2 protein chains.
Amino acid sequence: MAVTIKDVAKVANVAPSTVSRVIANSPRISEKTKERVREVMDQLGYHPNFIARSLASQSTRAIGLVMPSSTDVVFQNPFFPTVLTGLSEGAHSKQYALHMTTGKTEDEIFDGVVAMVQGGRVDGVVLLYSKVEDRVIAYLKERNFPFVVIGKPFKDDENTSYVDNDNFKAGKEVTEHLIQLGHDRIAFIGGNLDLVVTVERLLGYEKALRNSGIHLEDNYIVNDEFLRESGQDAVEVLLSLDQPPTAMVVADDLMALGVLNKLDEMGIAVPQDVSIVSFNNVLIAEMARPPLTSVDINIFDLGYQAAKSLIQIIENPNEPIKRIIVPFKIVTRYSCGHPKDYKEVLV
Amino acid sequence: MAVTIKDVAKVANVAPSTVSRVIANSPRISEKTKERVREVMDQLGYHPNFIARSLASQSTRAIGLVMPSSTDVVFQNPFFPTVLTGLSEGAHSKQYALHMTTGKTEDEIFDGVVAMVQGGRVDGVVLLYSKVEDRVIAYLKERNFPFVVIGKPFKDDENTSYVDNDNFKAGKEVTEHLIQLGHDRIAFIGGNLDLVVTVERLLGYEKALRNSGIHLEDNYIVNDEFLRESGQDAVEVLLSLDQPPTAMVVADDLMALGVLNKLDEMGIAVPQDVSIVSFNNVLIAEMARPPLTSVDINIFDLGYQAAKSLIQIIENPNEPIKRIIVPFKIVTRYSCGHPKDYKEVLV
DNA sequence: TTGTATGCGTTATCAC
DNA sequence: GTGATAACGCATACAA
């Protein structure tokens, strides 16, 4: 049996409550006793029992992570290890532990969250995805349980805490980048429209085109699953158009990799024949051939901020709603160029 | 305040202990009371409090996951989301929850584990990495705390439970594959030699060469960090040799991607000029150009088996040491061919 | 400044 | 079959 507060108390010749106070570093204990008690703790190898502490204090110092469906290909995205790192660091800095829940189906995930929350395993929850209609969010709200979502919630975003990039702006700027290079036949290859990110980026793309007076070609917009095969299908469809696009905005690096492959297979050169920009700037963006111009959305920070603000919400009951926008940065590499018919205009 | 066992007891007109027995589905309770109590639980929306239960029963039904250093590039590997999925499924199937700990330095990780273990947050631990010298393992062993490691422990592997592939055999077979294609100038690009996998694969590679009477060229073996830049450096070194290799065994898909890029940059064609095989068979192996022949090590199963066997160990105090070998499979794609000077021999 | 007593929500050991 | 009651290890209100 592990050494408890009582054992320490006995050896140090004080009451258990005193030991407890020493642990909490209560100012009402004399330095002298503190020291003595601490010595005994060391000597006995005492470690506080989190479970007992949680029960007594009604707080676990643990935050729950809700992952997207594990069957979802999205889960394979290097995005996750990176947010995890940020989350972990943010939690760690405030001495919080991480608890996880996944599931294959939406129901499994939901049940997992309920068990975690009602079971009192965690003090708050962060959602690692942001879907269009979400039972989990509804549930959390109804119970008034602390949570923050990574990504922008689909509805009622004024009343829910989240940390996100300005994906609309990112979509817009990235498209403008292409326009400045001389492109006006720009396609958008997005992922699942259930995901809020996708639609935000799409909207930004459309805005940029409209701002520049470029016609919005419906055929230029392809939304499919977030991953590879679809990226490849999309390319085929796009290039068989009468007026194929000369540039593509792709909603995710991994998907862009698929696009790149398909293009290569079809004998189309990047960036000579078509330019590509994508999002997230995970490792593979840098490792692709050619290295991809990609939007660095600061994934680590997304996680870090999420943890930090959740903890604030937990510890301060009437903390106001937090909406944190993490800045992004377009990282220019070698996947973009001028369209073929582009003539540099000297002013 | 949440509804407790007492509330249920009151409404159902039974003692709290009875409710507890109903939850545990004790056979000593009549079906009739069980039903009534269950009805009340539903009606009141009762959910058991895990914390209280843990304290009373001295078991948390949670398993701790120890990640490698989050600063380590290894962490970026898609390997992790996949093991996580397996782990999660294995744990879930036995109603276990997942607890996580990461850290930047080895010390942070170690402290995290200690807190988790001594703090009684978890009933067992699985290590998601396997390093050459590891304090964590030493600590767990000394305390006789249930754990299993994913990957082969460096030392004392007869006395520690683990789940792993036969990486020696995999390294050997993959090399033999190359030999059969006619190669005899085969290089090995490995990762950090601190990682046990790397050395196992290397050993297998060497064995295959020796078996075939091929000279072991020291210059053909490059070990560096697990990731890209190094993969690229390695390639440069290898190809500047007098007798450059015609084939390469690369210890990881991600690294192979780097190799592929470097090769492309140097104008060397795969598989025409040099053949490549790699390990892990993550998504990018399939998405690389050309798609990589890679060893599918069944990452999901690695996680799944680890969870399952840890739980067995937890629940059965004198369960013997478990050593589980998950089978692998070479997935042949388009990165391997005959060496240029190869003449098909008709028998 | 320190000690005593009680409770946190369960499970488990006795009784009956 | 079911009901009291004592742990589990700690925090905290109240005493002293």
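Because the structure is a prediction, the values reported are computed rather than measured. Naming: A, B, ... by sequence-line order, numbering from 1 per chain. These numbers come from the heavy atoms of this one structure, side chains and all, not from hydrogens, waters or symmetry mates.
- For the residue pair B:Ser88 / A:Thr102, a side-chain donor-acceptor distance below 3.5 Å is found, with atom types taken as modelled.
- Here the C1' atom of nucleotide C:dT10 and the NZ atom of B:Lys6 are 10 Å apart, to the nearest Å.
- Residue pairs meeting the side-chain hydrogen bond (donor to acceptor under 3.5 Å, both in side chains) criterion with at least one partner in residues 108-118 of chain A, sequence neighbours excluded, are A:Gln118-A:Tyr139, A:Gln118-A:Arg143.
- Side-chain atoms of A:Arg28 come within donor-acceptor range of the base of C:dT2, with a qualifying N/O pair under 3.5 Å.
- The listed nucleotides are D:dG3, C:dG3, D:dT2; the one nearest the side chain of B:Val14 is D:dG3.
- Among the protein residues, A:Val19 comes within range of no part of the nucleic acid, since none of its heavy atoms lies under 4.0 Å from any strand.
- Across the protein-nucleic acid pair, A:Ile5 atom CD1 and C:dT4 atom P stand 14 Å apart, rounded to whole Å.
- Atom CD1 in B:Ile23 sits roughly 7 Å away from atom P in C:dT10 (whole-Å rounding).
- Heavy atoms from other residues, nucleotides or ligands lying under 6.0 Å from NZ of A:Lys141 number more than 12.
- Within a heavy-atom distance below 4.0 Å of DNA chain D, the residues of residues 35-57 of chain B found are B:Leu55, B:Ala56.
- Within 6.0 Å of the NZ atom in A:Lys322, the count of heavy atoms belonging to other residues, nucleotides or ligands exceeds 12.
- Rounded to whole Å, the distance from CZ on A:Arg21 to P on D:dT12 is 10 Å.
- Under the 3.5 Å distance criterion, with hydrogens and angles disregarded, a donor-acceptor pair is assigned to the side chains of A:Asn25 and A:Arg38.
- On a pure distance criterion of 3.5 Å, no polar donor-acceptor pair joins the side chain of B:Arg61 and the base of C:dT10.
- As judged by a 4.0 angstrom heavy-atom cut-off over every strand, B:Ser26 is placed among residues making no nucleic acid contact.
- B:Lys104 has a carboxylate O that lies under 4.0 Å from a charged side-chain N of A:Glu89, or vice versa, which qualifies the two as a salt bridge.
- In this model, the phosphate group of D:dC10 is not approached by any side-chain N or O of A:Gln58 to a distance below 4.0 Å at OP1 or OP2.
- Between the side chains of A:Ser30 and A:Thr33, at least one donor-acceptor pair of N or O atoms lies under 3.5 Å.
- Using a 4.0 Å heavy-atom criterion, one finds that B:Asn13 contacts the sugar-phosphate atoms exclusively.
- Put simply, CD on B:Gln118 is 16 Å from C1' on D:dC10, counting in whole angstrom units.
- Among C:dT4, C:dT1, D:dG3, the nucleotide with an atom closest to any side-chain atom of A:Thr33 is C:dT1.
- Side-chain nitrogen and oxygen atoms of A:Ser20 include none within less than 4.0 Å of the OP1 or OP2 phosphate oxygen of D:dG9.
- Between A:Lys10 atom NZ and D:dC10 atom P there is a gap of 13 Å when expressed in whole angstrom units.
- With hydrogens and angles ignored, a donor-acceptor pair under 3.5 angstrom links the side chain of A:Ser17 to the base of C:dT4.
- The side chain of B:Thr18 contributes no N or O atom lying less than 4.0 Å from OP1 or OP2 of D:dT2.
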